[in-house]
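Below is one structure; the comments refer to it alone.
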Amino acid sequence: MKKLLSPYSEAILNEYLEQLPLFKTMEAQLKTTIRDCLSDAGIHVAGLESRVKTESSLAGKLELKGYKYKSLADITDILGIRVITFYRDDVDVVASAIERLFEVDWENSVDKRKLHDLDSFGYLSLHYVCRIPDMPFRVEIQMRSLLQHAWANLYHDTGYKSGLEIPKEYIRNMNRLAGMLELADEQFSHIRTELTDYRRRVQTLVSTGNLDDVLLDGDTFKGYLELDPFGQLNRRIAAINQAEIHEVSLMPYLAIFKNMGCKTLGDIARIIKDYFEGAYQIACFQMGLTDLDIMASSVGPQNICIAYTLKNGGGKAGIRNLFDILNGPSESNVMMAEFILGQAKDLPFMNQ
Amino acid sequence: MEVSVSHEKNEIIVRFSGRMDTPGAQEIAPQMNALTEEAGKTVILDCTDLTYISSSGLRIFLTFHKASLEKGGKVIIRNICNEIRNVFMMTGFLNLFEIQ
């Protein structure tokens with residue numbers, strides 16, 4: 001049903017319809033600008049949304065508050081953009097990026113995170129009204145965390161904007177949830193900070209060579225690989241046939257080293273040292289009989305693990321298990337285990 | 001060295017036949033390079049009739065694997081004989097590919 005509007009409001013609505021193509025163009029351009037800016041700054045966000053206010057929504061706004069506006073330029077949220085961050089701490093980081101990107105109309109911007117009393121919970125979001133170069137209209141940029149976004153969306157779904165009164169008990173329950181999510185948001189940020197500190201401490205231990213103090217996990221193994229612990233072995237193996245080394249991920253070897261009982265990076269370092277010669281002898285026997293002049297950087301760790309398994313009595317079953325972990329279980333892994341066992345039994349390291 | 005390409009359902013099947021040594025790899029390189037245009041799809045490299053692979057052959061497979069990664073496709077190596085499987089293992093390329 002068409003709403004009855006004042007002549008001023010009708011004029012604003014007509015101006016809106018005339019300018020709609022401009023808003024649509026600006027919407028796409030601004031999203032790209034913001035996305036590129038965040039990406040360049042290394043800020044990972046959970047989402048970037050935008051919308052141009054619909055005609056009916058604007059008509060509704062003018063019906064309720066039309067007296068506040070003299071022209072379309074007075075309305076600051078015709079074009080709205082929302083940046084949703086993973087962590088609540090990142091809202092301020094995104095805000096800094098937006099401040100560098102656009103001129104913020106501070107008078108009309110509001111930090112709704114600071115509007116709550118100490119004993120109240122609810123909508124938390126940072127709203128900036130920004131002036132865009134060569135654009136006669138301001139835009140609203142909302143920034144909030146994923147959990148703040150979840151709460152706001154669910155609260156919106158209750159229909160608080162519909163004008164119908166919602167029973168107080170539901171509002172109380174929504175506010176209780178807001179408090180709970182605020183606490184969860186804080187905890188997620190806290191966990192991230194702790195993890196960053198942990199990684200920094202581990203990096204220091206690895207770089208200073210205190211490998212026995214570093215427990216083996218995905219993070220620490222990745223950091224260890226950056227030191228290129230198999231590089232020397234790979235280069236020596238490559239020299240057999242003057243082979244080119246093709247770099248591949250060595251992360252699959254984490255499961256193998258764990259399976260071999262390694263608890264710390266120091267355990268891996270000792271295995272590399274102790275089985276270096278055996279791994280090289282295996283490569284000499286295999287590659288030396290061919291003219292293969294290309295190899296993956298996984299040859300070093302693969303041969304280390306094979307040498308360790310053979311020297312520690314793992315036999316065919318042990319080698320098969322190694323390939324099962326690396327490549328997935330398969331009957332062909334038995335064949336490869338037999339092939340290796342046949343080659344390795346007479347190698348010098350096996351008899352030392 | 002021969003290579004034949006067929007499109008079946010949503011897959012591209014590339015069948016190799018003969019020895020993929022240096023001359024063989026050079027022979028099929030133009031066809032394989034052209035095929036990288038379609039590396040965004042699932043490509044099955046059928047090695048049932050492939051009897052030998054050299055470093056040049058491995059490079060053909062690796063180039064195609066790289067193109068597939070860049071284009072979000074998938075490469076499956078099917079029916080390799082034990083000798084060729086051992087070459088993949090010795091050179092450390094075995095777990096780079098999905099081998100059936």
Side-chain angles (χ1 to χ4, degrees), chain A residues 230 233-234 237-238 240-253 255-256 279 282-306 319-320 322-328 330-340 342-344, chain B residues 1 19-26 28-29 32 36 39 42 44-48 50-70 72-100:
Chain A
F230 302 101
L233 176 60
N234 277 328
I237 292 172
I240 300 168
N241 282 352
Q242 300 303 308
E244 160 199 348
I245 302 175
H246 185 94
E247 292 298 330
V248 297
S249 169
L250 302 183
M251 284 307 286
Y253 283 87
I256 305 274
I282 293 169
C284 278
F285 192 86
Q286 291 181 338
M287 306 274 280
L289 298 173
T290 72
D291 57 359
L292 291 165
D293 62 1
I294 184 169
M295 60 176 261
S297 55
S298 55
V299 172
Q302 177 176 279
N303 287 6
I304 287 279
C305 295
I306 290 171
I319 304 289
R320 182 204 174 152
L322 198 154
F323 285 125
D324 279 352
I325 297 172
L326 271 181
N327 313 319
S330 155
E331 278 308 305
S332 56
N333 292 337
V334 180
M335 181 279 299
M336 285 192 298
E338 284 168 354
F339 173 72
I340 288 168
Q343 288 180 330
Chain B
M1 176 78 216
R19 288 172 62 83
M20 205 183 288
D21 50 15
T22 303
Q26 282 172 351
I28 65 166
M32 292 304 289
T36 55
T42 296
I44 293 170
L45 306 177
D46 188 330
C47 301
T48 308
L50 187 67
T51 55
Y52 174 83
I53 192 162
S54 70
S55 301
S56 306
L58 285 174
R59 285 190 177 89
I60 294 255
F61 278 45
L62 288 171
T63 304
F64 199 80
H65 178 259
K66 191 180 168 202
S68 172
L69 274 184
E70 284 168 1
K74 189 177 179 185
V75 181
I76 298 169
I77 296 178
R78 187 174 284 170
N79 298 333
I80 50 172
C81 63
N82 289 346
E83 287 73 20
I84 294 177
R85 188 183 293 271
N86 286 339
V87 170
F88 274 88
M89 182 270 293
M90 289 188 299
T91 50
F93 291 118
L94 195 63
N95 71 336
L96 201 62
F97 294 94
E98 182 176 334
I99 297 181
Q100 293 180 347

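In what follows, every chain begins at residue 1, and chains take the letters A, B, ... in the order their sequences are listed. Hydrogens, waters and symmetry mates play no part in the numbers below; they use all other heavy atoms, side chains included.
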Against chain B, label [X] side chain, backbone, both or neither, depending on which of its atoms sit under 4.5 Å from a heavy atom there.
| X | value |
| --- | --- |
| I340(A) | side chain |
| Q286(A) | both |
| P301(A) | neither |
| N241(A) | neither |

Atom group of L62(B) that falls short of 4.5 Å from chain A, counting heavy atoms: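 For L62(B), the contact with chain A is made by the side chain alone.
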Chain A contacts, top residue of I53(B), V87(B), T91(B) (heavy-atom pairs, under 4.5 Å): T91(B)
Pair E331(A) + R320(A), salt bridge at N-O below 4.0 Å: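 Counted as a salt bridge, because a side-chain N and a carboxylate O are separated by less than 4.0 Å.
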Donor-acceptor check, side chain of [X] to backbone of [Y], threshold 3.5 angstrom: yes or no?
| X | Y | result |
| --- | --- | --- |
| T36(B) | A67(B) | no |
| N234(A) | S297(A) | yes |
| H65(B) | L96(B) | yes |
| S56(B) | M20(B) | no |

